[in-house]
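Letters A, B, ... are given to chains in the order of the sequence lines, protein chains preceding strands, and every chain is numbered from 1. These figures come from a predicted structure and were not determined experimentally.
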2 protein chains.
Amino acid sequence: MEPVSANHVKALRRFNRYFTRRIGVLDDHYLGQDRPLGEARLLFEIGPDGASLRELRGRLGLDAGYLSRMIRALEAQGLVRVSVHPTDSRLRMAELTSAGLVEVKEQNRRANGLAEGLLSGLDTRQRDELTTAVAVAERLLRLAAITVELVDGASRDARDCLAAYAADIDERFPEGFDPAALVQPHEASGDSGAFLIAYEEGRPVGCGVLRRIEPGVGEIRHVWVHPAARRLGLARRILLGLERQAVERGYEAVRLDTHAALTEAQAMYRACGYTEIPRYDENVYAAHWFEKRLPHTSD
Amino acid sequence: MEPVSANHVKALRRFNRYFTRRIGVLDDHYLGQDRPLGEARLLFEIGPDGASLRELRGRLGLDAGYLSRMIRALEAQGLVRVSVHPTDSRLRMAELTSAGLVEVKEQNRRANGLAEGLLSGLDTRQRDELTTAVAVAERLLRLAAITVELVDGASRDARDCLAAYAADIDERFPEGFDPAALVQPHEASGDSGAFLIAYEEGRPVGCGVLRRIEPGVGEIRHVWVHPAARRLGLARRILLGLERQAVERGYEAVRLDTHAALTEAQAMYRACGYTEIPRYDENVYAAHWFEKRLPHTSD
DNA sequence: TATTTTCTTTGACTAAAGTCAAAGAAATAT
DNA sequence: ATATTTCTTTGACTTTAGTCAAAGAAAATA
């Protein structure tokens with residue numbers, strides 16, 4: 001990893017200072033209006049679709065007790081309704097009442113007004129320029145914040161990721177997808193396998209599995225990225241991470257197969273140095289097979 | 001002014017939410033460390049050069065009483081030294097002691113570490129991309145936040161601007177500049193003249209003057225932008241604002257002259273539709289003379 | 001099935017942040 | 001020179017924000 005240049009640091013900090021002290025503060029002020037900022041944020045975060053207390057706690061970084069009391073206060077004001085989660089009765093779900101919804105809509109109206117006021121000082125071309133610049137910045141900041149970690153293939157997060165992966169491709173494959181075709185946890189750990197998860201702010205947003213298929217040859221499977229984290233270049237990062245794991249485990253090559261429907265994936269594999277090879281497995285979902293020779297371990 | 005597109009608003013709000021909730025919060029946390037955030041911010045804002053309480057109050061948006069007490073607390077901790085302003089003894093100046101400086105340096109170290117940590121998740125090319133994007137965003141956000149206002153030519157801000165202008169060009173003209181050559185307040189107001197000031201966050205960062213030189217002809221003078229607000233495109237905005245004032249006052253043309261040293265200014269005038277004309281005044285500092293014909297008032 | 005872990009609530013606090021008004025000293029404006 | 005405005009301090013409060021530990025109920029894991 002290249003050392004970070006002082007100029008890059010300076011530019012980012014400068015922007016950070018400017019943005020948080022000016023826009024951020026203004027925004028908070030508008031969001032809050034007649035209400036403590038904490039409550040206003042909480043209402044906003046519950047949003048029209050509701051959310052579990054667990055999620056709210058995570059997203060806003062609040063103490064459990066503090067959150068519990070704030071929710072109670074909002075409930076007493078008739079803005080929020082709390083119910084037990086349908087499938088996990090430890091969890092409680094918070095939803096906005098109609099009065100709560102009205103208030104959140106008003107928050108949104110004000111915040112939009114703020115953004116409009118800001119943009120109205122620019123001409124159309126400058127507005128486009130600004131929109132593009134913030135989109136680029138957001139994409140890169142998100143990507144920078146996502147970490148790819150090696151986890152136990154049997155862990156909760158790993159299982160959740162595979163379940164999400166299976167559900168996702170079950171929708172995308174015309175013939176559906178049978179979860180029995182997933183790799184087993186024991187294959188994805190230890191000396192011969194690996195399970196990588198990409199985390200964004202504590203939540204898994206992607207995964208990938210390495211397993212052994214024959215001596216000296218690994219197989220990469222189930223590379224998946226959560227819809228909310230697509231188009232950031234994350235799949236490529238996971239793929240590179242799995243290759244590194246394969247090198248560490250002494251593999252000379254990795255293979256993978258892919259479904260005919262996943263054309264973007266195929267393009268990525270080629271761009272990452274994979275070459276198409278003949279069928280090497282019996283996977284009924286596969287239409288293309290790839291291989292990449294790996295460098296030897298340096299250590 | 002064109003209406004603001006919903007997509008632009010959405011993009012800006014989305015970024016705002018992401019940035020303030022993620023980076024902003026992190027930054028505060030790092031800045032604070034063992035110290036209440038308010039105090040930490042105050043120390044940071046005083047900075048190595050010191051600042052008057054008045055300025056700090058404005059920049060941080062604090063209540064006067066609250067600030068006074070916080071400053072006293074920092075003084076008691078040996079981090080800040082307070083003295084009376086040399087020329088205006090209503091004002092008090094806060095400066096960091098050496099212990100305060102050490103603490104601010106430590107804050108900076110931590111904040112740099114945060115930015116470095118962020119950037120280290122990107123490759124060099126992505127870092128460049130991010131740096132460019134945030135620079136563009138900052139420039140446009142600043143520009144959007146600057147308002148150009150018509151003020152009384154005799155007001156405090158107007159006089160301060162002209163003084164700053166005079167000091168600035170006195171440095172830039174090889175022969176210096178005599179403030180007696182400035183327009184008089186009464187020329188820059190009422191039916192025949194105008195004084196525009198560009199304000200950024202309440203502080204004047206630029207100005208421009210319109211006065212009458214003969215029937216139907218106005219003259220634009222003293223278009224100036226504070227060094228900290230240059231390269232934003234502000235001079236052009238002031239110039240356009242003055243032309244609008246001239247149209248409102250029924251002028252058919254505006255003229256202006258410029259010093260040989262100010263080549264960028266000449267380029268801007270040409271780009272804004274001015275054409276060079278023969279000498280029309282006795283201004284000893286002028287080397288080029290320009291004119292622009294104005295459209296008639298529509299109302 | 002027994003044990004852990006997860007999630008929420010409650011009690012008992014503390015610290016930080018902020019508000020408002022009165023008053024005095026200096027500078028500016030008229 | 002008088003009136004007005006600006007700047008800061010002080011007193012007297014209120015709200016918000018946050019912390020920590022204990023405990024009970026469900027779910028997940030071994």
Sort me out a list of protein N/O and nucleotides 13-15 of chain D N/O pairs below 3.5 Å, or just none if empty.
none

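- One atom, CG of A:L74, and another, P of C:dT9, lie 13 Å apart when rounded to the nearest Å.
- Contacts between residues 41-60 of chain A and DNA chain C, defined by a heavy-atom separation below 4.0 Å, involve A:L53, A:R54, A:R57, listed by number.
- Residues meeting the salt bridge (charged side-chain N to carboxylate O under 4.0 Å, His left out) test with A:R81, sequence neighbours left out: A:E95.
- Contact of the B:R72 side chain with the B:V82 side chain is not registered, since no non-hydrogen atoms from C-beta on lie closer than 4.5 Å.
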### Message
Output one letter per nucleotide in nucleotides 19-30 of chain D: B when a protein non-hydrogen atom lies under 4.0 Å from the base, S when only the sugar-phosphate is that close, - when neither is.
### Response
BB-----BS-S-
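- Salt bridge status for A:R14 with B:E138: present, with a side-chain N to carboxylate O gap under 4.0 Å.
- Distance CG (B:L91) to P (C:dA27): 10 Å, rounded to an integer number of Å.
- The CE atom of A:M70 sits 8 Å away from the P atom of D:dG18 (whole-angstrom rounding).
- One interatomic measurement links the two molecules: CG of A:D157 to P of C:dT6, which rounds to 11 Å at whole-angstrom precision.
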### Message
Would B:I197 and B:V148 count as a side-chain contact (heavy atoms from CB on, under 4.5 Å) here? Give the steps.
### Response
CA-CA 5 Å; B:I197 294 186; B:V148 174; over 6 Å; no
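- If you take CG on B:D170 and CG on B:D178, they are separated by 9.0 Å, rounding to the nearest 0.5 Å.
- At the heavy-atom level, A:L67 lies nowhere under 4.0 Å from the strands shown.
- Side-chain atoms of B:L150 and B:F195, non-hydrogen and from C-beta on, never get closer than 4.5 Å to each other.
- Evaluation of the ring pair (Phe, Tyr, Trp, His ring centres under 6.0 Å) rule for B:F44 yields no partner, not counting sequence neighbours.
- Using a 4.5 Å heavy-atom threshold, the side chains of A:L62 and A:M70 count as touching.
- Rounded to an integer number of Å, the gap from A:M93 CE to C:dT9 P is 13 Å.
- In this structure, NE2 of A:H85 is placed 11 Å from P of C:dC7, rounded to the nearest angstrom.
- Counted by atom type alone, B:R35 and B:Q77 present one or more donor-acceptor pairs between their side chains at under 3.5 Å.
- The neighbour count for A:R230 CZ, taken as heavy atoms of other residues, nucleotides or ligands under 6.0 Å away, is above 12.
- The side-chain hydrogen bond (donor to acceptor under 3.5 Å, both in side chains) pairs that include a residue from residues 44-56 of chain A are A:E45-A:R59, A:E55-A:R59, where partners are two or more places apart or lie in different chains.
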